[in-house]
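Counting starts at 1 for both ligands and their atoms, following the listed order. Just so it is clear, the values below take in all heavy atoms, side chains as well, and ignore hydrogens, waters and symmetry mates.
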Amino acid sequence: MTEIAKQGSVAAAKEEVIEKAIKEESYVPSKEIRDLWKKVHSAMRGEFGEAVFRSWLKPLTLRACYHGALEVSVPTRFMRDWIQTHYAGRILEMCVEKDPNIKRFEVVVVQNAILADDESGEQSKKLKANENKKEEDPYNLSSPFDPRFSFEAFVVGKPNALAHAAARRVVESQNVPFNPLFLYGGVGLGKTHLMHAIGWAMKQHWPERRVMYMSAEKFMYQFVKALRTKDTMGFKDTFRSVDVLMIDDIQFMSGKESTQEEFFHTFNALVDLNKQIIISADKSPSDLLGLEERLRSRLAWGLVADIHPSTYELRLGIVQSKREQLQADIPDAVLEFLALKVTSNIRELEGALNRIVAHAEVAKQKVTLETTQEVLVDLLRAHDRRITIDEIQRKVAEHYNIRMADMHSPRRARNVARPRQVAMYLAKQLTARSLPEIGRKFGGRDHTTVMHAVRKIEELMEEDAQIAQDVEITRRALTG
Ligand code: ADP
Ligand code: MG
């Protein structure tokens, strides 16, 4: 046998031993390779930055080096895929710079890996804990969907048409149509309902997709819990292995910087993997205070769909559909009354309807306009109180196409004086403010000026159909 052949066969035998050892997981890489890896590993910190290093690269554990392949292990499949697509190329280059014999860089999943540099066994323990939890279905973390919140039960109108269409698109698309879908609107306007509807429909259309839904508060809670139990790896993996992630009421994350940071990374990870993200908030991304700028701008990347305050038509549609669901005997006039009066949000509107139905059942009475007014007296009063002089001024100015400043200015030209009187009249009608208080709000006018305005408008409404209509339109805009 020649020297070379001998060396070759010795090498081959050695490889064989190594491979066998790897299978049995007892292989310890040579001192040179371990030193090389140590250098490369710590160089990654400078190369990719502290945050990436801590999130993804720190857990990389040298496993073997054979056939020119440097093999490292990670605890989860998700991490492996992520590292392969994002960092493996550069890491290989870094290894080759130190040892040109290295030809490949491989990442394998080893769930109970004993991590290098883990004298205390701390990380191994964590991984063991992870592994036990591995069987935990991500669905378990997801909050359940309310059966009432389906697409079928969602009444579509102008104020929510865009949000609804976008939600449908997300469900019906093979791919991710926009990312994220950002739904925003005031309280009780149907954001949560739409998200649950997406959840239900996803289960139906794409049963294989993993959908996770939770409030931002729960996300924060889970994150803090993970920190406390030192299980952030499991946390990351659970969240980052879903196909559709929905986080409700993200405004609650404001100010919680570490959670935002974590969410930001999760967000980017999922977007990069082309997974669908759906976010809701009570404000637009640009108005969300206390959110870090980069997170805010990311949130505005996809489709931002706002749900506007409801219109009379939409509210009527909703109470009609609700009547059908309840199979309750409610006169149309009552529904119209509710749609006209309970304008704050849909939740309150539903609450009002439920109350009158419950009252009718208990009192063994039919639902009528009278019983409705009686039952809802506090709610209606509270609602009336909510209209402010500011709002009235703005609406009237809008209607007459004059400037808001004209409400306060001393100008007496008819084209601004008349609208100002209309606004004073409505302020008297729709708020509990006294005449002097109203006067003050109109550029410090005397209460007699206000009184005069109220009388004048009352008069004019009798004789001038145009004025009567103007007043009616603005009153409706303000109350219903
Ligand atoms: P948000 O999350 O925006 O605060 P929700 O989704 O919880 O509001 O909605 C409040 C209530 O109003 C829910 O009971 C919901 O079913 C109902 N609702 C809101 N919008 C609609 C709609 N367009 N059609 C039917 N019900 C609606
Ligand atoms: Mg909600």
Side-chain angles (χ1 to χ4, degrees), residues 142-171 180-202 211-221 245-254 277-285 287-288 299 303-328 330 335-336 338-358 376 379 383 480:
S142 183
S143 300
F145 296 121
D146 188 320
R148 293 169 307 159
F149 294 173
S150 63
F151 274 123
E152 291 70 36
F154 192 81
V155 180
V156 185
K158 222 173 173 188
N160 59 27
L162 175 64
H164 174 262
R168 281 275 191 197
R169 254 313 271 299
V170 162
V171 172
L181 167 58
F182 189 98
L183 300 171
Y184 79 93
V187 190
L189 296 184
K191 301 181 295 291
T192 299
H193 188 137
L194 271 181
M195 288 178 126
H196 285 224
I198 291 172
W200 287 118
M202 276 284 179
V211 179
M212 172 132 49
Y213 164 86
M214 72 179 62
S215 65
E217 275 172 309
K218 185 165 170 189
F219 183 90
M220 289 188 301
Y221 169 78
L245 176 66
M246 296 195 265
I247 304 285
D248 206 350
D249 287 324
I250 200 156
Q251 70 271 10
F252 290 123
M253 246 185 229
S254 63
I277 299 173
I278 302 155
I279 306 286
S280 86
D282 65 350
K283 293 183 201 67
S284 74
D287 288 337
L288 277 173
L299 291 175
L303 182 75
V304 177
D306 55 340
I307 307 185
H308 293 272
S310 60
T311 56
Y312 173 76
E313 285 71 32
L314 179 60
R315 290 193 297 275
L316 189 61
I318 289 170
V319 282
Q320 281 168 343
S321 117
K322 191 93 182 154
R323 170 172 68 183
E324 214 164 287
Q325 279 168 37
L326 294 172
Q327 302 205 323
I330 310 169
L335 296 188
E336 284 157 18
L338 288 175
L340 193 66
K341 287 291 185 182
V342 189
T343 56
S344 44
N345 67 54
I346 311 297
R347 190 174 300 137
E348 245 182 69
L349 181 64
E350 281 188 340
L353 188 72
N354 288 336
R355 257 166 74 184
I356 59 168
V357 171
L376 301 180
L379 190 140
H383 175 255

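- A donor-acceptor pair is defined here as one N or O able to donate and one able to accept, closer than 3.5 Å; such a pair exists between the side chain of N160 and the backbone of G157.
- Legend: residues meeting side chain to side chain contact (heavy atoms under 4.5 Å, CB included) with A328, ordered by chain and number and at least two apart, are L326, I330, V357.
- In terms of modelled atom types and a separation under 3.5 Å, the side chain of S280 and the main chain of D249 share a donor-acceptor contact.
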Begin with the C-alpha distance, continue with both residues' side-chain angles, and end with the deciding distance and a verdict on side chain to side chain contact (heavy atoms under 4.5 Å, CB included) for D248 and Y213.
CA-CA 8 Å; D248 206 350; Y213 164 86; 2.6 Å; yes
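- Judged purely by atom type and a 3.5 angstrom limit, H196 has no side-chain atom pairing as donor or acceptor with the backbone of P147.
- Under the 3.5 Å distance criterion, the side-chain polar atoms of K191 are matched with a main-chain donor or acceptor of G186.
- Within the 4.5 Å cutoff, no side-chain heavy atoms of L340 are placed close to those of L338.
- Protein residues having a heavy atom under 4.0 Å from any atom of ligand 1 are F149, A153, F154, V155, N160, G186, V187, G188, L189, G190, K191, T192, H193, I318, I346, R347, E350, listed by chain and number.
- Any protein N/O/S atom under 2.8 Å from the Mg ion (ligand 2) was counted, giving 1 altogether.
- Applying the side chain to side chain donor-acceptor pair (under 3.5 Å) test to D146 and every residue at least two apart in sequence or in another chain returns R148.
- Remark: the backbone N or O of R347 is paired with a side-chain donor or acceptor of N345 at under 3.5 angstrom.
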